[in-house]
Amino acid sequence: MKLNEKYVISINRELGSGGRTVGEKLAQRLGVVFYDKALIKALTKQYNLTVEEIERLKGKKNSWWTDLARHVIPFYDATKSEYYSVKSEDKTDKPSTTEEMFKVETRILMDIANNESCVVAGRSGFFIFRNIPNHLSVLIQAPMKDRIERVMRKQEKDAAEAQKLIEQIDRMRENYIKRYTGTSRYDTRNYDLVINMVDLTEDEAVDIIMDYIEKQQ
C-alpha cells in the first residue's frame, strides 16, 4: 500500500477486540477520515438513502457522501450509534431489506474510497474493497476472555451477558458475511494483516500496522 496515493484501509474486527478504537487511532495517525459501519448505517437510516437516491445525489456532486458525512459526524455518538440532530421526515423509499441495505452500504463505501484516503471499520470492508489496488485489509482479534472483559466495561454487563452478546454478534456477522460474500470473515486469506490483541494496547496495534505500511513504501 502506498501512502502517496489515494488509499483505503479496511479494519474488520471482533466485538470486544478494540478494533474500532484501533481504526480511529490509525486514522488520526495518518491524518485521514475514519468511517465505521455504524456511522454509515445511521446516516443511511437518517436520510432514507436508496441506491436510486445515491445515484441522483452522485449526479449532482462527486463528493456527495463525504460532504454529507463531514456535516453530521460532529453530532454522531459512536458509543450509541446514533445522532444528536433533528430527524428528517420519514420517506417511503428507504431500504426495507438486508439485501437492499447491503447494496446501499456497498455503494456508499465505494464512493468514499474513490473520493479520498480513509480508514473504514466494518464487517465486509475486506470484500467490498478487494479490487481496489491501494487497499490494506486488516483483521483485529482478541482472546474471548479479553473480549468479555472489554464488553463488560464498555456496556456495563456482567460476564454471562457479555459472552452471550459476543457469541450472538459473532454468529450474526459470520452469517452476514457468508450470505453476501461467499466466504468467512475468519478466513485469514481475506486479509493482508491479522493482529491478535493479546497483551497489546490499541496504540501498539497501530504501531504494528504503521510498521507494515512503511515496509511497503
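All values below come from the heavy atoms of this structure, side chains included, with hydrogens, waters and symmetry mates left out.
Counting heavy atoms from C-beta outward, Arg13 and Val22 have side chains that stay 4.5 Å or more apart. With a 4.5 Å cut-off on side-chain heavy atoms, Ile112 and Tyr35 count as touching. Taking 4.5 Å as the limit, some side-chain heavy atom of Asp203 sits within range of a side-chain heavy atom of Lys25. Counting only heavy atoms from C-beta outward, the side chains of Leu26 and Ile9 approach each other to under 4.5 Å. Looking only at side-chain heavy atoms (C-beta outward), Ile209 and Val138 come within less than 4.5 Å of each other. At a threshold of 4.5 Å between non-hydrogen side-chain atoms, the residues Arg147 and Leu15 count as touching. Taking the side chain as every heavy atom from C-beta outward, Asp36 and Val120 never approach each other to under 4.5 Å. Side-chain contact between Ile132 and Met110 is present, with heavy atoms from C-beta onward closer than 4.5 Å.
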Problem set entry | Test side-chain contact (heavy atoms from CB on, under 4.5 Å) applied to Ile177 and Phe126, step by step | CA-CA 10 Å; Ile177 288 293; Phe126 73 87; 3.9 Å; yes
For this session: Determine, step by step, whether Glu116 and Tyr7 satisfy the side-chain contact (heavy atoms from CB on, under 4.5 Å) criterion, reporting the C-alpha distance in whole Å, the side-chain angles of both residues, the deciding distance to 0.1 Å, and the verdict.
Result: CA-CA 7 Å; Glu116 63 180 332; Tyr7 61 83; over 6 Å; no
Exercise. Could you go step by step and tell me if Asn12 and Arg185 meet the side-chain contact (heavy atoms from CB on, under 4.5 Å) rule?
Worked result: CA-CA 8 Å; Asn12 283 76; Arg185 72 189 186 113; 5.5 Å; no
For this session: Might you work through the side-chain hydrogen bond (donor to acceptor under 3.5 Å, both in side chains) test for Glu167 and Gln163, ending with a clear yes or no?
Result: CA-CA 6 Å; Glu167 291 173 348; Gln163 182 168 351; 3.1 Å; yes
For this session: Run the numbers on Ile148 and Glu161 for side-chain contact (heavy atoms from CB on, under 4.5 Å), then give the verdict.
Result: CA-CA 9 Å; Ile148 290 172; Glu161 291 173 329; over 6 Å; no
Problem set entry | Working for side-chain hydrogen bond (donor to acceptor under 3.5 Å, both in side chains), residues Asn190 and Thr183 | CA-CA 9 Å; Asn190 292 318; Thr183 186; 3.3 Å; yes
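Residues passing the side chain to side chain contact (heavy atoms under 4.5 Å, CB included) test with Phe127 are Arg130, Thr181, sequence neighbours excluded. Residues forming a side chain to side chain donor-acceptor pair (under 3.5 Å) with Lys145 (at least two apart in sequence, or on another chain): Glu149.
Atom-to-atom distance recorded for Ser184:OG and Glu174:CD is 3.5 Å, nearest 0.5 angstrom. Distance check: Thr21 OG1 to Phe34 CZ gives 8.0 Å after rounding to the nearest 0.5 Å. We find the OH-CG distance between Tyr180 and Asn175 to be 11.0 Å, quoted to the nearest 0.5 Å. Atom CG in Leu139 sits 8.0 Å away from atom OG in Ser17 (nearest 0.5 Å). Here the CG atom belonging to Leu109 is positioned 4.5 Å from the CD1 atom belonging to Ile128, to the nearest 0.5 angstrom.
Listed here is the closest heavy atom pair of Glu202 and Gly18: CG-O, 3.9 Å. When all heavy atoms are compared, the tightest approach of Val151 to Gly16 is CG2-CA, 4.0 Å. Across all non-hydrogen atoms, the minimal contact from Met210 to Arg29 is CG-NH1, 3.9 Å. Pro143 and Val198 get closest at one heavy-atom pair: CG-CB, 3.8 Å. Across all their heavy atoms, Ile11 and Gly19 have their closest contact at CG2-O, 3.7 Å. Here the shortest heavy-atom pairing between Ala205 and Met197 reads CB-SD, 3.7 Å.
When the side chains of ILVMFWY residues are joined at heavy-atom separations under 4.5 Å, either directly or via intervening members, Tyr176 and Tyr186 end up in two distinct hydrophobic clusters.
Between the side chain of Asn115 and the main chain of Asp111, a donor-acceptor pair closer than 3.5 Å is present. Listed for the Gln216 side chain is a donor-acceptor partner under 3.5 Å among the backbone atoms of Tyr212. Without hydrogens or angle criteria, Asp146 side chain to Ala142 main chain gives no donor-acceptor distance under 3.5 Å. The closest donor-acceptor contact from the side chain of Gln141 to the backbone of Ile195 lies at 3.5 Å or more, if one exists at all. Formation of a donor-acceptor pair under 3.5 Å by the Lys6 side chain with backbone atoms of Asn114 is found in this model.
For Lys164, the NZ atom counts as loosely surrounded, since its 6.0 Å shell holds 12 or fewer non-hydrogen atoms of other residues, nucleotides or ligands. For Asn4, the CG atom counts as densely surrounded, since its 6.0 Å shell holds more than 12 non-hydrogen atoms of other residues, nucleotides or ligands.
Side chain to side chain, Ser124 and Arg173 fail the donor-acceptor criterion of an N or O pair below 3.5 Å.
Using the six-membered ring where Trp is involved, His135 and Phe129 have ring planes that are perpendicular, over 60° apart on the 30 and 60° scheme.
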